[in-house]
There are 4 protein chains.
Amino acid sequence: MILILKNRATDDQIDHVLQRVEALGLQHHLSRGTYRTIVGIIGDEELLREEPLKAIPGVAKVVPVLPPYKLASRDAHPDPSVVDVSGVKIGGGNLGMIAGPCSVEDPDRMHRIAEHVRASGANLFRGGAFKPRTSPYAFQGMGIDGLKLLREVGDQHGMPVVTEVTDPRLVEVVSEYADMLQVGARNMQNFALLTEVGKSKRPVLLKRGMAATINDLLMCAEYILSQGNMNVVLCERGIKSFDPATRNLFDVAAVPVVHGLSHLPIIVDPSHATGRPDLIPSCAMAGLAAGADGVHIEVHDCPEEAKSDGPQALLPDQYRELFSQMKSLAELLNKTISPVSETSA
Amino acid sequence: MILILKNRATDDQIDHVLQRVEALGLQHHLSRGTYRTIVGIIGDEELLREEPLKAIPGVAKVVPVLPPYKLASRDAHPDPSVVDVSGVKIGGGNLGMIAGPCSVEDPDRMHRIAEHVRASGANLFRGGAFKPRTSPYAFQGMGIDGLKLLREVGDQHGMPVVTEVTDPRLVEVVSEYADMLQVGARNMQNFALLTEVGKSKRPVLLKRGMAATINDLLMCAEYILSQGNMNVVLCERGIKSFDPATRNLFDVAAVPVVHGLSHLPIIVDPSHATGRPDLIPSCAMAGLAAGADGVHIEVHDCPEEAKSDGPQALLPDQYRELFSQMKSLAELLNKTISPVSETSA
Amino acid sequence: MILILKNRATDDQIDHVLQRVEALGLQHHLSRGTYRTIVGIIGDEELLREEPLKAIPGVAKVVPVLPPYKLASRDAHPDPSVVDVSGVKIGGGNLGMIAGPCSVEDPDRMHRIAEHVRASGANLFRGGAFKPRTSPYAFQGMGIDGLKLLREVGDQHGMPVVTEVTDPRLVEVVSEYADMLQVGARNMQNFALLTEVGKSKRPVLLKRGMAATINDLLMCAEYILSQGNMNVVLCERGIKSFDPATRNLFDVAAVPVVHGLSHLPIIVDPSHATGRPDLIPSCAMAGLAAGADGVHIEVHDCPEEAKSDGPQALLPDQYRELFSQMKSLAELLNKTISPVSETSA
Amino acid sequence: MILILKNRATDDQIDHVLQRVEALGLQHHLSRGTYRTIVGIIGDEELLREEPLKAIPGVAKVVPVLPPYKLASRDAHPDPSVVDVSGVKIGGGNLGMIAGPCSVEDPDRMHRIAEHVRASGANLFRGGAFKPRTSPYAFQGMGIDGLKLLREVGDQHGMPVVTEVTDPRLVEVVSEYADMLQVGARNMQNFALLTEVGKSKRPVLLKRGMAATINDLLMCAEYILSQGNMNVVLCERGIKSFDPATRNLFDVAAVPVVHGLSHLPIIVDPSHATGRPDLIPSCAMAGLAAGADGVHIEVHDCPEEAKSDGPQALLPDQYRELFSQMKSLAELLNKTISPVSETSA
């Protein structure tokens, strides 16, 4: 940690700063420059992070030297983590290819879509049973019945299932039915929820919030890791920006940035990032080319009847075509797509 | 609702669109322009909002005509709402002047700060007992002990108290001790939490999320209102932007925008909006001048020892001076600051 | 300047860094912390600013200690500057109240609007003769005839005139007719233009670009100052953001931020910041309350016939009413509105 | 064009709106809905675009039906344009691979870098002779001597050259030496400059401004096209965002968005988009995978000595390795990299 003092910091203020540092059992290193005095603090930066150093009179700026997350950091864990979702591997060269409708809907449709995406090559099936909707009047999901149906469809088609959990009170029941728990963008900083999924044994798919920096995202991963659940996969799904051309702004550079800072896998979700089916193939390919550890895509066989997010879904045929391109690219990049187990059907 | 069709929409597609509209019991109005065909839909827009119209083949764009919130809309309630927080009025010309430390801390300090801000003129006291912190390793608040202390301090100094609730499981206990429940920016779209505070009888202070449009904010208010709790006060506290000069970007125009769209009161929080004590007075004054129904400011008597957010707190003397300026401005603008009751001390 | 080295920086890399610093005639101060090595550089930071220090192997981060602008900095000039525009003072407690139509249009209308805004209390008249339009097919302004007309109207009503210059080749002729040269938001970083207005003797109104940080804005002011023209007034007119509720996001905190960093005056332009006449009064008041040194407002007597930006203009009566409120607020804040000279009419 | 009227629009206001439409020789189509009255306008939308319709009393919202650019639109020109830069093709399946240092520097270095990037496979050489620098005290480029040197290096290594022009007064001389004129991000809306390059015969590389929507970018292309210069290549180089992890936010979705709206080619510039050499390879690959018509990368053989932007340059070896990956990806995507002519050396 480095403290840059104000240009009119008095000697008394400087002494007070040094006393505060010493009181924490740390060493300091004073450097009086031509224009500013600088205090380098030597020792465990964690001891300082909680101290409101910037509020000490005379301090102009606090420059941390280390990232504020530890378990998520690549320093702590130089090799990429591989997260295992009931047999499907994500990270370290393995791609998690997640597909399915936005919401869990009627059983026939679910089976039909699952069959399609599995035949195309997807290795994880998704569907929301608890939907965080921006309108209180919108369809809120099928709830526990949806969870049961999702489980049944996954089992029948041999695909592990991913579903969102939106409430700390639901973590237990969702963990019973799902192979992977999704924390959505709007709940990325719902710390009560992060703590609960951290206590669960299920792998977690943590989506980046729309106003979250990559640092914020890694801090939220740290919440989960610090509870003992090390199976976290991050997901870039678009952030807020000023251009209405796309629903969100797909930050493809987040993929290599995360890979530089953390050992955790990161996948991309071009469906939510763009909100436009015509852009999904290009952005899915871009994500993989940037090094993503998987791709999350919403697929529906009749978007105009979808219970939610229909306008952004790919049709099964569009998904099949895209998957074949993604597969060629994965081969070029030496990535592996874990096969799913035999279907029970 | 208006549908703008694609420039190559076929007659079959147009017929299909019209059938969908009729199936909902609505009328349509077809207009074939030189370049595009447009379908005006006449009737209850609510019936359509849930339909994925944009996913119908041939539809290029969907233009809603009405706002998606009803209870929060000024159309539904032309006069400004006045929210009563245990005797302190906010809205319709009444200013809620909220002050206090970021976190509830030790009792002596709490009493000292409460005495200061009350003497300056504040009419609501704040302090966080459950803190949503970006780091899992940071101080998470005093919990229920903090609530009890806050209640005691409020009672002794005659000020209703405001505190944050971060978890749907805690709404009941927080409602027991607090006069007003705060939903923080990071939880603005925590719909499980919104639903619970909507079921509570306590007034709610709903802070705008950092990536939330004003429309998003009003939709979240609608969640609370739709549960039967009509006592919602909104709060502008800064949104994400690209300039690191301030922690967030204080969107002062949100005040008149909200007043145009909704009957709900809106206050400003320059402490979180700027993160810099030197900017708080200017931004507090700006907020009032823009028509805000109150000002939320963090005050601490020793910021360098604060358990959280010390660097953005005003000192009691700074607050007193600012309050006297705000009071003069309030008089110029014909606004009233509800007096607090006699202290029990 | 502080250099934070990478955690695996080798001794050779450290030596190389120190040699580079010494070669510039500067001293260094090495501090080996527990996790990172830090190099403090002592001496004239200007010598370093041009050096690509971050490209030196082993360097992780470069932390400048001083702002990169000198002439614009409050360090260099602690008292606020007062800019004199042909007798009208802006800054240091004096308010520049600029009003007029977006474009210079027909003479009768110009005289009529000028008479109105002068009667309301405005002390500077504006109108664009060269319009930077986003469409090549839009009205581009009356050109030199517009300048002549603006001059004539200003003279007749006793108001100095402000007009935009968009091309370095036009600075000379615009300087002939105008009292103050405006550099628009889209040209804020048109360095060729900044250099030319820097060579002119006319005061300059420099508008903040839509993607410009306050630091960027001050660097552009520095371009003008560094050419010898010290009469620069800054203008906050909204920056890009994600909420379509307003055309741009009015960053009212820019006013106190600039006042903290620089001696230059800063005014606000709520017309361009919001793009909505119904929000202009609130935002104008907010700007003044935040400490702005003036307000720039577009006024038109028949907005639906305006050659440009009609939808954001105030009517003369709306301006008169707003001016009377602004005047009361100015008195409360102890600000002065320079009177204009007697009209020649 | 569709006009949505206010919910309390009077009959007189509606009549006035209809009269305005008729006066322009257009037809209207009135639709009185349950909540709002809507006026569809039939005929040439261009006649209306300049009219301040939103300023007409009673009008709440104006919804344009067509894009405001014509020549840049894919409607006008369904096939992708192929721009020929002295023999190197960009667009329609042909990739423009631009490489070189940020600034033109000393001759030996220039030749050395050109030789390297040509050997790697680049087909266009870049270097800035006139540099738009954010600081007036920074190196501003070698000027005309730089142009001459760039020409000489290009000729000797058989590569057409691209260089930036920053001032309308310099378009003529830059056109004399360069094969392609670059308009930088900060000048994207410098309409005087756009008009001049529009009059030139040279192909233009138009970089997206940091606050520009894709619509804004296409409008600026329209400025150039409307002057008769149809050889415009767009460039995505990052826009402003809130995360300091990268210098700008690389909007890779801009590639398919532009391809949907326009026939113009679009390349990507990961050097400026990210500002970090470690992210350039991933983002270059992402851009190509998204369908970009080329990649612009800065290369320097000693970044720590570069006259500008050293910290974001790739080393020649890094570029060679990246090029080989990009080539494999180009083959997978069936894209062609135009070969350069024989060197004269």
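Convention: sequence-line order gives letters A, B, ...; per-chain numbering from 1.
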Checking N187(C) against chain D: side chain, backbone, both or neither under 4.5 Å from a heavy atom? side chain
Quick one: does any side-chain atom of E164(C) pair with a main-chain N or O of A129(C) as donor and acceptor, under 3.5 Å? no
Taking it one step at a time, do V197(D) and N229(D) satisfy side chain to side chain contact (heavy atoms under 4.5 Å, CB included)? CA-CA 8 Å; V197(D) 300; N229(D) 186 341; 5.6 Å; no
Answer with side chain, backbone, both or neither: which region of F191(C) has an atom nearer than 4.5 Å to a non-hydrogen atom of chain D? side chain
For residues S308(C) and S103(C), is any side-chain donor paired with an opposing acceptor at under 3.5 Å? yes
Between E196(C) and R169(C), is the closest basic N to carboxylate O distance under 4.0 Å? no
Are P316(D) and I113(D) side-chain neighbours, meaning at least one heavy-atom pair lies under 4.5 Å? no
Between E105(D) and K307(D), is there a salt bridge with N-O shorter than 4.0 Å? no
Side chain, backbone, both or neither of K240(C) within contact of chain D (heavy atoms, under 4.5 Å): side chain
If you count heavy-atom pairs within less than 4.5 Å of chain C, which of P68(D), P168(D), P132(D) leads? P168(D)
Using non-hydrogen atoms only, which part of Q140(C) is less than 4.5 Å away from chain D: side chain, backbone, both, or neither? side chain
Taking every heavy-atom pair that is under 4.5 Å apart, which of P57(C), P136(C), A55(C) has the most such pairs with chain D? P136(C)
Please flag which part of D309(C) lies under 4.5 Å from any non-hydrogen atom of chain D: side chain, backbone, both or neither. neither
Using a cut-off of under 4.5 Å for heavy-atom pairs, which of H300(D), Q312(D), Q227(D), R20(D) has the most such pairs with chain C? R20(D)
Within 6.0 Å of CD in E22(C), more than 12 heavy atoms from elsewhere: yes
By a 4.5 Å heavy-atom criterion (distance strictly below it), what part of T134(C) contacts chain D: side chain, backbone, both, or neither? both
